[in-house]
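Only one structure is covered here, and it is reproduced in the block below.
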Amino acid sequence: MKAVDRHLIINLLLLLSFLLNLTDTNAQFYDNGQDRFRRLSHIKTDHFDVIFPTSETALGQLYANHLEEIYKTGGQTLAWQPRRIPVVLRTSVAYANGEVVWAPRRMNLFTTATPDNYFQRWDEHLTMHEFRHVVQTDKLNQGTSQFFYHLFGEQYFGLLLGVHVPYWFLEGDAVAYETGASAAGRGRIADFEHELAAQVSQKGIWHYHKAIFGSYADYVPSRYQLGYHLISYGRLNYGTEIWQNALNQVANHPITMRPFGKGIKMTTGLREPEFYYKALEPLQQKIVAEPDNSTLITNCNSTNYTIFYNPQYANNKIIAYRENLSDISAFVSIDNKGKQHIIKHIGTMAVEHFSTNEKMIVWNQIRSTRWNLFNHSQIKTYDIKNKNTKTIARRGRYHCSTLSHNGLLIASACYADTTHWSITIHNTKGRLMQQIALNDALPTRIAWSDNDQQIAIIVNYNNSKSILIFDLDTHKNDTIISNIFDDISNLLFANNTIYFTGNYDGQTAWYSYNLNTRDCNIIATSGFGTGSGSIYGDTLLFTYYTADGYMIAQKNIADSRKKASLPTTRETAFTQKLAQQEQQVKFSRSEEHTSEL
């Protein structure tokens with residue numbers, strides 16, 4: 001044995017022993033916070049122990065059924081079937097999330113759906129993505145690593161993942177699985193890959209270490225986006241064995257240098273960084289980010305990545321929500337020379353959406369409580385003139401709050417319980433004026449008509465999206481567009497026309513849909529896709545993506561309409577290959593018995 005190998009083995013064993021001595025074996029190694037006191041029940045299936053509040057029995061059964069269905073094929077392309085694992089449903093959190101943690105091993109599922117989710121039920125997406133993480137981690141429990149597991153316990157896998165398995169693999173593989181095993185998945189969303197495409201096209205390929213560790217000097221796309229591209233490229237060109245071999249190498253050779261990279265080289269003949277560069281080469285084509293026939297309002301700053309959301313005119317200025325690397329998130333005003341002035345810094349938004357007129361700004365903000373896993377998303381208002389903030393709805397889970405044109409009413413998506421959504425109408429003093437039940441149809445965006453008598457709603461229902469119009473006087477609703485298998489969003493309602501964003505030729509574009517003629521048109525596109533916006537007569541104020549963030553532009557849409565069909569699912573060589581390799585999950589909703597803890 002070489003001296004360097006002996007030294008490596010000794011150092012690793014000393015480090016593991018040190019970690020073991022630091023850890024109280026009677027204590028919980030990883031704790032992400034506490035929920036309020038609630039009586040719990042559990043469902044024991046063939047492969048899972050699902051733990052949930054007793055009042056949420058139907059939800060517990062739903063997730064138990066989903067997990068068992070996914071278990072049949074969820075580990076197929078990694079050639080592994082994981083052991084039984086506990087699953088804890090977190091139902092008191094106002095935001096959507098999920099995590100798989102070891103020491104003790106468990107899956108935490110945050111069941112509140114996000115309005116920003118694409119055209120798939122949140123419970124289905126969440127269980128698919130998180131189960132894949134279970135498969136990834138459990139696959140390491142073989143060969144030499146199984147010996148170390150018995151010696152050091154579950155925290156050994158945390159060390160193994162941190163030292164040898166790149167985060168881009170963990171998240172990229174899970175996104176690839178959710179895309180291949182369903183009709184949706186983030187791989188089919190037009191604006192999921194645009195950050196990576198824009199960076200490579202406009203700034204080149206970052207050094208591999210910069211891409212995986214991040215940077216304060218430049219914006220680096222997330223491990224989800226980079227990982228999805230690398231995983232899909234590998235599976236398209238080398239089959240599923242490439243990632244099976246990589247994990248097998250880590251599990252069987254944990255005390256060697258770079259076993260994950262050796263697994264890649266076994267299949268491709270390329271070192272890990274070489275594989276990275278080769279995978280990103282197809283994205284190097286030069287693309288113009290700026291939209292055609294538009295006036296650019298803000299300019300890119302190559303040293304300060306900036307995102308603007310929901311630009312809207314008020315008091316002869318533009319008001320937008322801004323995030324960047326040099327300042328806390330804030331509402332800003334932008335004058336006709338492009339100069340920005342901070343209106344108000346705010347806390348954590350529930351969803352990156354707000355509404356405004358000349359007097360008031362309305363948004364939803366997360367409010368914490370004494371329990372980390374119990375919080376609210378409130379309706380907040382800010383008086384622009386008097387500079388004071390007011391909470392309209394203090395308790396509850398509200399999203400996408402939108403101010404009426406007359407400034408008297410606020411329409412919000414309200415999460416009543418785990419399976420029921422509604423639209424609430426509050427006045428600006430906080431009084432609930434009306435509530436519209438939507439049951440299990442998830443409202444994702446809301447827009448008022450010009451006369452404030454109707455509201456248009458994008459709903460996520462039955463794994464597709466639809467647009468409804470609800471009349472506040474007659475209480476009748478009309479489905480305008482139904483069963484769109486695409487992530488339509490950013491809803492506007494003006495001039496008897498519905499405006500929204502959706503997939504067009506692989507990028508997110510602005511659409512118009514005339515309610516009288518039923519004509520559908522494309523009104524704005526850009527090289528890497530468009531974002532949120534607002535409409536004023538024939539002027540569309542909108543954001544578009546560049547390698548330096550989302551910038552603001554405006555254009556006259558009267559002469560720029562292009563006849564188009566309604567948006568459809570974005571398919572690529574990646575999504576088609578993934579769908580061939582994975583088996584589609586068919587979710588069940590049958591009932592079983594539960595037992596109380």
Is the side chain of [X] donor-acceptor paired with the backbone N or O of [Y] at a distance under 3.5 Å, no angle test?
{"X": "Ser201", "Y": "Gln285", "value": "yes"}
{"X": "Asp487", "Y": "Phe119", "value": "no"}
{"X": "Glu171", "Y": "Gly227", "value": "no"}
{"X": "Thr530", "Y": "Thr508", "value": "yes"}
{"X": "Gln581", "Y": "Arg235", "value": "yes"}
{"X": "His341", "Y": "Ser333", "value": "no"}

Would you say the side chain of [Y] lies within less than 4.5 Å of the side chain of [X], judging by non-hydrogen atoms?
{"X": "Ile455", "Y": "Ile423", "value": "yes"}
{"X": "Trp363", "Y": "Met349", "value": "yes"}
{"X": "Gln76", "Y": "Gln583", "value": "yes"}
{"X": "Leu170", "Y": "Val165", "value": "yes"}
{"X": "Ile264", "Y": "Tyr276", "value": "no"}
{"X": "Gln120", "Y": "Ser182", "value": "yes"}
{"X": "Gln202", "Y": "Phe528", "value": "yes"}
{"X": "His66", "Y": "Glu124", "value": "yes"}

With Phe331 as reference, evaluate Phe308, Tyr309, Tyr321 under the ring-ring contact (aromatic ring centres under 6.0 Å, His included) test and give the passing residue.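 Looking at Phe308, Tyr309, Tyr321, the match for Phe331 under the ring-ring contact (aromatic ring centres under 6.0 Å, His included) is Tyr321.
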Does a salt bridge link Asp519 with Lys563, judged by any charged N lying under 4.0 Å from a carboxylate O?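 Between Lys563 and Asp519 there is a salt bridge, with a charged N closer than 4.0 Å to a carboxylate O.
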Are there more than 12 heavy atoms of other residues, nucleotides or ligands under 6.0 Å from atom CZ of Phe485?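 More than 12 within 6.0 Å, yes.
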Flag yes if more than 12 heavy atoms outside Tyr208 fall under 6.0 Å of its OH atom; otherwise flag no.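 Yes - once you tally the heavy atoms of other residues, nucleotides and ligands closer than 6.0 Å, there are more than 12.
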Between [X] and [Y], is the ring centroid distance below 6.0 Å?
{"X": "Trp168", "Y": "Trp243", "answer": "yes"}
{"X": "Trp421", "Y": "Tyr415", "answer": "yes"}
{"X": "His194", "Y": "Tyr550", "answer": "yes"}

Evaluation steps, side-chain hydrogen bond (donor to acceptor under 3.5 Å, both in side chains), between Thr444 and Asn460: CA-CA 7 Å; Thr444 63; Asn460 190 340; over 6 Å; no
Using residues 288-295 as the side-chain source, report each donor-acceptor pair under 3.5 Å to any protein atom, sequence neighbours left out, with the distance given to one decimal.
{"residue": "Ser294", "atom": "OG", "partner": "Asp292", "partner atom": "O", "Å": "2.9"}

Audit row: Tyr118, His125, ring pair (Phe, Tyr, Trp, His ring centres under 6.0 Å) steps and yes/no: CA-CA 9 Å; Tyr118 40 83; His125 160 72; 5.3 Å; yes
When Ile552 is tested against each of Asn299, Leu296, Ile297 for side chain to side chain contact (heavy atoms under 4.5 Å, CB included), which residue passes?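 When side chain to side chain contact (heavy atoms under 4.5 Å, CB included) is applied between Ile552 and each of Asn299, Leu296, Ile297, only Ile297 qualifies.
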With side-chain hydrogen bond (donor to acceptor under 3.5 Å, both in side chains) as the criterion, how do Asn301 and Thr303 come out once you've worked through the C-alpha distance, each side chain's angles and the decisive distance to 0.1 Å? CA-CA 5 Å; Asn301 183 344; Thr303 62; 2.8 Å; yes
What class does the angle between the rings of His209 and His207 fall in, given that below 30° is parallel, 30 to 60° is tilted and above 60° is perpendicular?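 Geometry flag for His207 against His209: tilted rings.
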Going by salt bridge (charged side-chain N to carboxylate O under 4.0 Å, His left out), name the residues that satisfy it together with Asp327, two or more places apart in sequence or in a different chain.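 Expected list: Arg322.
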In sequence, state the C-alpha distance, the side-chain angles, and the governing distance for Asp173 and Gln136, and then conclude on side-chain hydrogen bond (donor to acceptor under 3.5 Å, both in side chains). CA-CA 9 Å; Asp173 177 70; Gln136 296 162 353; 2.9 Å; yes
In Å and rounded to the nearest 0.5 Å, what is the OH to CZ distance from Tyr499 to Phe542?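 It is 13.5 Å, given to the nearest 0.5 Å.
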Assess whether side-chain hydrogen bond (donor to acceptor under 3.5 Å, both in side chains) is satisfied between Tyr504 and Lys562, documenting all intermediate values. CA-CA 12 Å; Tyr504 177 73; Lys562 178 182 178 181; 2.8 Å; yes
Under the criterion side-chain contact (heavy atoms from CB on, under 4.5 Å), I'd like the reasoning laid out for Val351 against Tyr398: C-alpha separation, chi angles, the key distance, then a yes or no. CA-CA 10 Å; Val351 178; Tyr398 297 94; over 6 Å; no
